[in-house]
Amino acid sequence: MISTAMGVFLIITAYLALVGLAQICVTIGRWFAAQGGLEHCWLVVTATPGDRGMEMRLRQAYAEAHTAPALDGVRVAVVDAGADPETLAICRCFCQEKGLPLWTAEDAGRFLGR
């Protein structure tokens, strides 16, 4: 015979398993529904004056956009928001190497505002 404590434990376990299964189904459904929806999205990296970690941020953003399944279809762009010459040189070199656009703030506003 099953004790009361064991019965309560089994009921709680079954309930949590059903809730977990439902959550997994919802997550998978959202993932399938979102496929192909990011081809018009941009990951914009802003270059500001005195940014000492600019190269690392650029590399991380580029890697995430090209390897993370959740960001499939997202494109990367760099926006010059008054960066100093050293930071801007890093951005130019990286953008040229990876084939990314390097926009001024005005260009970005016109392009992304469409």
Side-chain angles (χ1 to χ4, degrees):
M1 202 81 188
I2 298 178
S3 70
T4 305
M6 183 60 104
V8 170
F9 174 74
L10 291 175
I11 290 171
I12 290 172
T13 302
Y15 173 75
L16 292 175
L18 288 173
V19 169
L21 182 60
Q23 185 62 39
I24 289 170
C25 290
V26 167
T27 302
I28 290 172
R30 286 182 182 162
W31 184 74
F32 278 120
Q35 292 300 310
L38 297 178
E39 62 267 353
H40 299 292
C41 294
W42 288 88
L43 175 60
V44 177
V45 181
T46 306
T48 56
D51 190 347
R52 300 288 173 232
M54 189 68 211
E55 184 178 2
M56 183 57 77
R57 284 194 313 123
L58 287 169
R59 293 195 182 283
Q60 183 178 6
Y62 185 81
E64 285 290 323
H66 286 87
T67 59
L71 296 178
D72 190 29
V74 172
R75 293 175 283 179
V76 180
V78 181
V79 174
D80 174 14
D84 58 82
E86 182 183 350
T87 303
L88 197 53
I90 291 169
C91 293
R92 279 194 185 108
C93 183
F94 187 83
C95 288
Q96 185 176 21
E97 176 186 318
K98 301 296 184 185
L100 303 177
L102 175 60
W103 297 323
T104 63
E106 295 80 26
D107 292 340
R110 282 193 301 271
F111 182 81
L112 297 173
R114 294 190 225 166

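FYI, side chains are in, hydrogens and waters are out, and symmetry mates aren't considered; it's all heavy atoms of this structure.
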Crowding at CD, Glu97 (>12 non-hydrogen neighbours, <6.0 Å): yes

Heavy-atom check, side chain of Gln96 versus side chain of Leu102, under 4.5 Å: no

Thr87: side chain to side chain donor-acceptor pair (under 3.5 Å) partners, not counting sequence neighbours: Asp84

Contact list for residues 66-89, test ring pair (Phe, Tyr, Trp, His ring centres under 6.0 Å), sequence neighbours left out: Tyr62-His66

Side chain to side chain contact (heavy atoms under 4.5 Å, CB included) involving Met56 - partner list, sequence neighbours excluded: none

Distance-minimising heavy-atom pair for Thr46 and Ala81: CG2-CB, 3.4 Å

CZ-OG distance between Phe9 and Ser3, expressed to the nearest 0.5 angstrom: 11.0 Å

Where Cys91 and Val78 come nearest, the two heavy atoms and their spacing: SG-CG1, 3.9 Å

Closest heavy-atom pair and its distance - Ala83, Ala47: CB-O, 3.6 Å

Spacing of Gln60 atom CD and Leu58 atom CG [to the nearest 0.5 Å]: 10.5 Å

Side chain to side chain donor-acceptor pair (under 3.5 Å) partners of Arg57, counting only residues at least two apart: Asp51

For Glu55, side chain to side chain donor-acceptor pair (under 3.5 Å) partners two or more places apart: Arg59

Shortest non-hydrogen separation from Val74 to Ala65 and the atoms involved: O-CB, 4.1 Å

All side chain to side chain contact (heavy atoms under 4.5 Å, CB included) counterparts of Ile12, not counting sequence neighbours: Val8, Leu16

